[in-house]
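These numbers come from the heavy atoms of this one structure, side chains and all, not from hydrogens, waters or symmetry mates. Every chain is numbered from 1, with letters handed out A, B, ... down the list of sequences.
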Amino acid sequence: MKRLGCADIREGDSESEVELFGWVNRRRDHGGLIFLDLRDSTGIVQVVIDPNVDGGAHIMAEQVRPEWVIGIKGVVRLRPEGSANDELPTGKVEIHCSQIEILNPAKTPPFAINEDSEVDEYLTMRYRPLYLRRTRMIENFRLRHKVVKFIRDFFDRQDFLEIETPILIKATPEGARDYLVPSRVHPGSFYALPQSPQQLKQLLMVAGFERYFQIARCFRDEDLRADRQPEFTQLDVELSFVDTEDILNLMEQLFAELVAYLKPDSVPVKRFRRMTYHEAMSTYGTDKPDLRYDIPLSDVTHQLAGTEFKVFNQIIAGGGIVKAIVAPGCGDYNRRNIDELNDLVKQYGAGGVVPVGFISDGPFNDATIEEVRSPVSKHLGPETINQLKETLQASSTDLILMVAGSTDIVNAALSGLREEFGKRLGLWSDQQLEFVLVTDFPLLQWDQDRARWESVNHPFTAATDETLALLDTDPGAVVSKGYDLVLNGVEIAGGSIRIHTRELQEKILLLLGHEAEQAEEQFGHLMGMFDYGAPPHGGFACGIDRLVMILAGENTIREVIAFPKTQTGADIFFGAPSIVDKGQLDELNIATRVPEV
RNA sequence: GGCCCCGUGGUGUAGCCUGGUUAACACACAACACUGUCAAUGUUGAGAUCGCCGGUUCAAAUCCGGUCGGGGUCGCCA
């Protein structure tokens, strides 16, 4: 028999006898009448206990407290005139209770479960199951399920095969730090957990599956962030006989249909904005721009060359640049406000931020010195300031912020400022979803510290046909066939067309500093298979946690992960990682350098 | 590895800068009252020595140092 959920009860069930199970959400005791809000995974329904209907039930109801697990029997009735609750889907009905069974009493919970109040995150993890009991969390996981289900159905419709790949695999020198798993039968040897199924899916293309996908768990032993956990879930996709445009189209189709499915009322979008890496860096200072608001970066190096402001002159003379953004309506920022921005900018290695605020009441074309608030107004002079104002289209109440230095630092700092003002000024709405496809990444970038070339994406990424030849002469100018999908400033997916010949793969690995022998040892399993007829192929991967986080309107990935880990990678609920029994270590031939229990 | 923020009854906060009362408020909790509430209401009550260790001081929640835990972020994350 199908069990009815609390929120399934509607007007149509009026006068029918029902049995419900759930948690007491709230109790309102009027001495005579007692109201219980009964909650289960479907939602809430009101139960009325009238001492005249059943004295036993009433005595039970007096004892019951929030979070007690109970079962009730009763008759569904329409609520009396004027007592309906529009807030609840079940607000027009109530259960007139004839019997209450206490299935399990509950201690007063460590934090409120029946409301969406702030709780210290430590407690949300220490008492995780109770936190998950909150309606908002249940909704997050309902959404997550819908997203994953949609993805599976989508790829199934398109004749993709979902194929599982190993969790115990081989360590790779490239990329993130691996999590290692010791082998008992091969003393001294270790498996690694996959950072992603990258090589495996390429091998599935060699195998001829042609269209593969997987909802895969990935592991990276790196420091955590709001949108990073040591283990996370990725949608992994790979296709054969495709080029960049095929995959970009597939990504657009997938995410556009997903959004249309989840938000049927939103304006449908078929194509996403596209921009090159270069464009993203120059106008937003980042390769994952948040396009929900319009604050572009402008290069003002030329306008500032030759002013009396020595700091800028020196930086420009040394090959640096100056870029600016306009913070609308912030012309009146005081010393303290500016100090905060300075601190922010210093995080990115910039010397500081140079503010030029305008504080005029009325409209004007040229600002007089009195209307300018800037520590450098004298150095720059009214002419330069007005010229800046003109170029940046700043209004008479805006604040211009300039940062000077190397291109990398200036971009990073201003991108940080841009984000800060987006947040401060509340420049976006919660419902907004701004996708952008970023393309034409460089294939390689020079790593100063290690004095060698590094893959921008990963070493299996192919180069565009037009720039491939530059590999020998100017590796930094080679453009990759890689792409990222950015949503609201978060990189949610990325991929590329892959290299599918041994010759090119060897060449790239060599450029990346792998000796031929070493490359064979580490990537030979892949390249060896390229020798047997590998199809051209490519694909992408999408961070499911991040995607759901944004769709759920959450600020951290932890709110869409059932059992997340802390910033130090600890699981507070289970107490992992933990010291293990010496016998377990001995069996694995492992000696530790920290004292054992 | 660096920088920043937080830690006060069960929960969320105030107090801390400018040391000195009975450590305040809201919610939750308990008891009693109450037959139409839905954040029920009213009355009464219990509950924290201020994360931990040390220092300064006549006196420390408050100042200083360290440490632990949580969070944000830079580096890192192909």
Side-chain angles (χ1 to χ4, degrees), chain A residues 25-38 44-53 58 62 65-67 77 79-88 90-91 94 96 107-127 130 172-178 195-196 198-199 218-230 232 340 343-350 409 412-413 416 419-420 441 443-445 447 449 453-461 480 482 491 494 496 508-509 512 541 543 555-556 558 565-568 570 572:
Chain A
N25 195 59
R26 274 207 164 80
R27 188 178 71 110
R28 291 177 295 281
D29 187 345
H30 289 240
L33 280 185
I34 297 175
F35 297 95
L36 293 182
D37 290 339
L38 190 65
I44 286 174
V45 71
Q46 173 166 284
V47 180
V48 194
I49 300 95
D50 188 330
N52 299 324
V53 171
H58 192 259
E62 279 180 322
R65 291 293 181 272
E67 301 313 316
R77 294 264 158 78
R79 293 197 190 186
E81 195 67 27
S83 64
N85 183 350
D86 297 336
E87 308 279 297
L88 287 179
T90 59
E94 59 193 5
H96 286 248
K107 294 202 280 189
T108 302
F111 47 80
I113 290 165
N114 54 17
E115 59 183 64
D116 194 19
S117 50
E118 291 279 317
V119 192
D120 187 292
E121 246 196 287
Y122 178 85
L123 291 173
T124 72
M125 294 194 263
R126 170 71 182 76
Y127 299 96
L130 300 185
T172 45
E174 289 284 330
R177 219 172 274 119
D178 287 312
Q195 296 172 26
S196 83
Q198 180 58 40
Q199 293 186 56
C218 306
F219 307 85
R220 292 178 193 175
D221 187 5
E222 295 293 344
D223 289 345
L224 307 183
R225 289 286 187 283
D227 62 354
R228 270 195 239 157
Q229 283 274 302
F232 59 99
E340 286 169 11
D343 289 344
L344 183 92
V345 140
K346 281 176 182 161
Q347 278 185 27
Y348 300 94
I409 288 175
E419 223 173 287
E420 175 67 16
F441 284 82
L443 185 72
L444 303 162
Q445 68 188 8
D447 184 326
D449 296 337
W453 291 101
E454 287 263 298
S455 292
V456 169
N457 192 218
H458 54 57
F460 315 113
T461 306
S480 88
E491 183 196 321
S496 63
I508 296 285
L509 289 173
L512 295 175
N555 291 321
T556 98
R558 284 172 242 118
K565 293 181 177 61
T566 68
Q567 198 162 60
T568 57
I572 291 174

| Given atom CD of E115(A) and atom C1' of G12(B), what is their separation to the nearest angstrom? | 9 Å

| note | Across every strand shown, the nucleotide meeting Watson-Crick or G-U wobble geometry with C29(B) (both distances under 3.5 Å) is G45(B)

| Protein-nucleotide distance (E222(A), atom CD; C74(B), atom P), rounded to Å | 14 Å

| note | With sequence neighbours left out, the residues meeting salt bridge (Lys or Arg N to Asp or Glu O under 4.0 Å) with R177(A) are E222(A)

| Is a side-chain donor or acceptor of D50(A) paired with a backbone partner of H96(A) at a separation under 3.5 angstrom? | no

| message | Tell me whether the side-chain N or O atoms of N52(A) pair up with the base of U35(B) as donor and acceptor below 3.5 Å, since no angle test is needed here. | response | yes

| request: Could you work out the separation of U13(B) and G71(B) based on their P atoms and round it to a whole Å? | output: 15 Å

| request: Could you give the distance separating U21(B) and A59(B) at their C1' atoms, to the nearest angstrom? | output: 13 Å

| message | Rounded to whole Å, how long is the line connecting atom CD1 of I113(A) with atom P of G12(B)? | response | 14 Å

| message | Closer than 3.5 angstrom, by distance alone: can the side chain of H58(A) be matched with the main-chain N or O of G32(A) as a donor-acceptor pair? | response | yes

| task | Confirm from the modelled atom types if R27(A) and C38(B) form a donor-acceptor pair under 3.5 Å, side chain to base only. | result | no

| said: Just N and O in the side chain of T108(A): are any of them under 4.0 Å from OP1 or OP2 of A28(B)? | reply: no

| said: Looking at R126(A) and G69(B), is any side-chain donor or acceptor paired with a base atom of the opposite kind under 3.5 Å? | reply: no

| request: Specify the separation, in whole Å, of atom CD1 of I34(A) and atom P of U37(B). | output: 16 Å

| message | Taking salt bridge (Lys or Arg N to Asp or Glu O under 4.0 Å) as the definition, give me every residue that meets it alongside D221(A), ordered by chain and number, with sequence neighbours left out. | response | none

| message | Going by purine N1 to pyrimidine N3 plus the second Watson-Crick contact, or the G-U wobble pair, all under 3.5 Å, which nucleotide sits opposite U22(B)? | response | none

| remark: For E67(A), the salt bridge (Lys or Arg N to Asp or Glu O under 4.0 Å) test, sequence neighbours excluded, returns R39(A), R133(A)

| note | With the side chain defined as heavy atoms from C-beta on, Y122(A) is closest, among G69(B), G71(B), C29(B), to G69(B)

| Roughly how far apart, to the nearest Å, are G2(B) and G66(B) at atom P? | 12 Å

| task | Examine distances only and state if a side-chain atom of E454(A) and a backbone atom of Q445(A) form a donor-acceptor pair shorter than 3.5 Å. | result | no

| task | Hunt down the Watson-Crick or G-U wobble partner of A39(B), both distances under 3.5 Å, from any strand shown, or write none. | result | none

| Taking 4.0 angstrom as the limit, do R27(A) and D29(A) come out as a salt bridge? | yes

| query | Would you say the side-chain atoms of R558(A) pair up with the backbone N or O of N555(A), donor to acceptor, closer than 3.5 Å? | reply | no

| request: Could you tell me whether E94(A) and R77(A) have a side-chain N and a carboxylate O separated by less than 4.0 Å? | output: no

Can you check nucleotides 13-15 of chain B for protein contacts, nitrogen or oxygen pairs under 3.5 Å, and list what you find?
none

| In terms of side-chain heavy atoms, does Q46(A) have a donor or acceptor partner in R28(A) at a distance below 3.5 Å? | yes

| A30(B) and G15(B): how far apart are their C1' atoms, nearest whole angstrom? | 28 Å

| note | Those residues at least two apart in sequence (or on a different chain) that pass salt bridge (Lys or Arg N to Asp or Glu O under 4.0 Å) with R228(A) are none

| query | Does A40(B) have H30(A) stacked on its base, where the ring centres are within less than 5.5 Å and the planes differ by under 30°? | reply | yes

| task | To the nearest Å, give me how far apart CZ (R26(A)) and P (C27(B)) are. | result | 12 Å

| field | Pair partner, C63(B) [Watson-Crick or wobble, under 3.5 Å] | value | G55(B)

| task | Give D29(A) one of three labels, base, sugar-phosphate or nothing, depending on what nucleic acid heavy atoms sit under 4.0 Å from its own. | result | base

| Integer angstrom distance from the P of C52(B) to that of A60(B) | 15 Å

| query | So, is Q195(A) close to the C77(B) phosphate, meaning a side-chain N or O under 4.0 Å from OP1 or OP2? | reply | no

| query | Going through the checks in order, is the side-chain contact (heavy atoms from CB on, under 4.5 Å) test met by H458(A) and S496(A)? | reply | CA-CA 9 Å; H458(A) 54 57; S496(A) 63; 3.9 Å; yes

| field | U44(B) and U49(B), which share atom name P, separated by this distance in whole Å | value | 26 Å

| query | CG of D447(A) versus C1' of C77(B): gap in Å, rounded? | reply | 14 Å

| request: May I ask which nucleotide in the shown strands pairs with C3(B), Watson-Crick or G-U wobble, both distances under 3.5 Å? | output: G72(B)

| message | On the nucleotide C38(B), are OP1 or OP2 found under 4.0 Å from the side-chain N or O atoms that S83(A) carries? | response | no

| query | So which one's nearest nucleotide on RNA chain B is more toward 5', E174(A) or D227(A)? | reply | D227(A)

| Contact class for E94(A) vs. all strands (heavy atom < 4.0 Å): base, sugar-phosphate, or nothing? | base

| Is R220(A) side chain donor-acceptor paired with the C77(B) base, going by distance under 3.5 Å alone? | no

| field | Nearest to side-chain heavy atoms of V119(A), which nucleotide of U73(B), G70(B), G12(B) | value | G12(B)

| task | Examine A40(B): is either OP1 or OP2 under 4.0 Å from a nitrogen or oxygen in the side chain of R28(A)? Give yes or no. | result | yes

Under-3.5 Å N/O pairs linking protein and nucleotides 3-10 of chain B:
residue: G10(B); atom: O2'; partner: P110(A); partner atom: O; Å: 3.0

| Between L33(A) (CG) and U35(B) (P), how many Å, whole number? | 8 Å

| request: Considering only atom C1', compute the distance from A23(B) to C50(B) and round it to an integer number of Å. | output: 8 Å

| task | Take atom CD of Q567(A) and atom P of C76(B), then tell me their distance rounded to the nearest Å. | result | 17 Å

